[in-house]
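Each ligand, and each atom within it, is numbered from 1 in the order the structure gives.
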Amino acid sequence: VRRLAIALVHHPVLDGQGAIVTTAVTNLDVHDLARSARSYGCSDYFVVHPIAAQRELVERIRSHWTDGSSGKRIPDRKEALTVLRIVPSLDDAIEALAAGCPANAGGARAAVEVWVTAARKLRPARTFASARDALHGEGKPVLLVFGTGWGLAPAVVDAADALLEPIAAAAPRPAGADYNHLSVRAACAIALDRLMGAR
Ligand code: SAM
């Protein structure tokens, strides 16, 4: 099985008007994606934020649960947060992942495969079945990237090695299932289960 890490990007992402923005950190995203990452064997959960004060906030959330009495009170959460890494940019996440990898002579970007997620098929997409097969073989570490706001900026999607197919209800869809606005927490858990879950 290949090494799999996830990233949650707060910049560059889209807002409701399609502008490139930076979103604020959500407390629940820190905990819930860490729990999913840890449960499905991801090596790292990168929270990507360009603003130092927001990275410090994530660090405070982490230390609240890892140091002192709260860590003793809820040890499961403490353990989940061991995978958390806080970085300023997606490139830093790629660097960090490549650093642990022997074949990075061609540079960090070449040593890692970057897979992005989106609710819409923005370009030809890789099926979860194919992605799952690829992960269960040999190869470079994979960084699976999730967006906040209204989703990842086109530059991030374009620079990725693959876009995964959108998660959606099976066809024929039940009435109302053309609605497709999963929270990033739900999307991450479903994606990790499809890629790494017991079958
Ligand atoms: N404010 C929202 C929240 O609290 O979750 C942020 C939504 S954010 C745009 C949703 C992210 O989850 C997307 O960037 C993508 O990474 C992932 N996502 C959402 N729906 C998805 C779907 N149907 N298929 C794959 N990924 C999806």
Side-chain angles (χ1 to χ4, degrees), residues 4-37 39-40 42 44-51 54 57-58 61 80 83-87 89-91 93-94 97 112-132 134-135 142-197:
L4 176 65
I6 62 170
L8 180 66
V9 172
H10 296 82
H11 176 89
V13 294
L14 300 173
D15 73 4
Q17 279 72 49
I20 306 286
V21 295
T22 303
T23 56
V25 163
T26 302
N27 184 36
L28 270 179
D29 289 343
V30 176
H31 297 155
D32 288 6
L33 272 71
R35 284 171 181 264
S36 296
S39 297
Y40 286 96
C42 298
D44 314 85
Y45 163 32
F46 295 96
V47 172
V48 178
H49 210 298
I51 299 174
Q54 288 278 295
L57 174 62
V58 181
I61 294 170
V83 297
L84 178 64
R85 302 175 78 171
I86 306 158
V87 292
S89 72
L90 198 54
D91 285 345
I94 292 167
L97 196 53
V112 171
E113 269 186 41
V114 178
W115 297 355
V116 292
T117 57
R120 284 174 306 136
K121 195 170 170 185
L122 302 165
R123 61 178 172 102
R126 183 167 204 174
T127 64
F128 275 98
S130 145
R132 182 182 170 94
L135 271 178
V142 171
L143 183 61
L144 182 61
V145 184
F146 297 90
T148 58
W150 268 255
L152 295 165
V156 176
V157 176
D158 293 346
D161 299 301
L163 167 69
L164 295 191
E165 64 181 332
I167 295 162
R173 306 226 178 143
D178 50 346
Y179 178 94
N180 192 353
H181 297 278
L182 293 172
S183 72
V184 69
R185 296 164 296 283
C188 175
I190 293 167
L192 289 180
D193 190 67
R194 288 183 178 188
L195 295 170
M196 303 298 282

Provide, to 0.1 Å, the distance between atom 8 (S) of ligand 1 and the closest protein heavy atom, together with that atom's residue and name.
Gly147 O, 3.4 Å
Under 4.0 Å to a heavy atom of Pro166 - the qualifying atoms of ligand 1, by number
24 (N)
Please say which of Thr148, Leu90, Ile51, Ile20 ends up in a side chain to side chain contact (heavy atoms under 4.5 Å, CB included) with His11.
Ile20
Which of the numbered atoms in ligand 1 are below 4.0 angstrom from a heavy atom of Thr117?
15 (C), 16 (O), 26 (N)
Distance-only, no hydrogens or angles: does the Glu165 side chain make a donor-acceptor pair with backbone N or O of Phe128 under 3.5 Å?
yes
Nearest-contact summary for atom 1 (N) of ligand 1 - protein heavy atom, Å
Gly149 O, 4.2 Å
Using a 4.0 Å heavy-atom cut-off, which part of Thr148 comes near ligand 1: side chain, backbone, both, or neither?
backbone
Among Ala187, Ala168, Cys188, which one puts a heavy atom closest to atom 27 (C) of ligand 1?
Ala187
Arg132 side chain vs Gly197 backbone, donor-acceptor pair below 3.5 Å:
yes
Could you tell me which atoms of ligand 1, counted from 1 in the order shown, lie closer than 4.0 angstrom to a heavy atom of Asn180?
23 (N)
Note: ligand 1 atoms sitting under 4.0 Å from heavy atoms of Ser183 are 5 (O)
Heavy atom of the protein closest to atom 24 (N) of ligand 1 (residue, atom name, distance):
Ile167 N, 2.9 Å
In terms of residue, atom name and distance, what is the protein heavy atom nearest to atom 3 (C) of ligand 1?
Val184 N, 4.0 Å
Can you check side chain to side chain contact (heavy atoms under 4.5 Å, CB included) on Leu164 and Leu144, steps first, answer last?
CA-CA 9 Å; Leu164 295 191; Leu144 182 61; 3.6 Å; yes
Can you sort out which atoms of ligand 1 are near Gly151, meaning under 4.0 Å from one of its heavy atoms?
9 (C), 14 (O)
Would you confirm whether Arg85, through its side chain, and Leu97, through its main-chain N or O, come within 3.5 Å as a donor-acceptor pair?
no
Backbone of Ala186 reached by a side-chain donor or acceptor of Asp32 within 3.5 Å
no
CD1 of Ile190 to CD1 of Ile167: how many Å apart, nearest 0.5 Å?
5.0 Å
Considering only heavy atoms of Leu182, which atoms of ligand 1 have at least one such atom less than 4.0 Å away?
19 (C), 20 (N), 23 (N)
Taking atom CG of Leu8 and atom CD1 of Ile6, what is their separation to the nearest 0.5 Å?
7.5 Å
Backbone N/O of Val114 and side chain of Asp161: donor-acceptor pair under 3.5 Å:
yes
Identify the protein heavy atom lying closest to atom 25 (C) of ligand 1, giving its residue, its atom name and the separation to 0.1 Å.
Ala118 O, 3.3 Å
Would Arg185 count as a contact residue for ligand 1, given that I'm defining contact as a non-hydrogen atom of the residue lying under 4.0 Å from a ligand atom?
yes
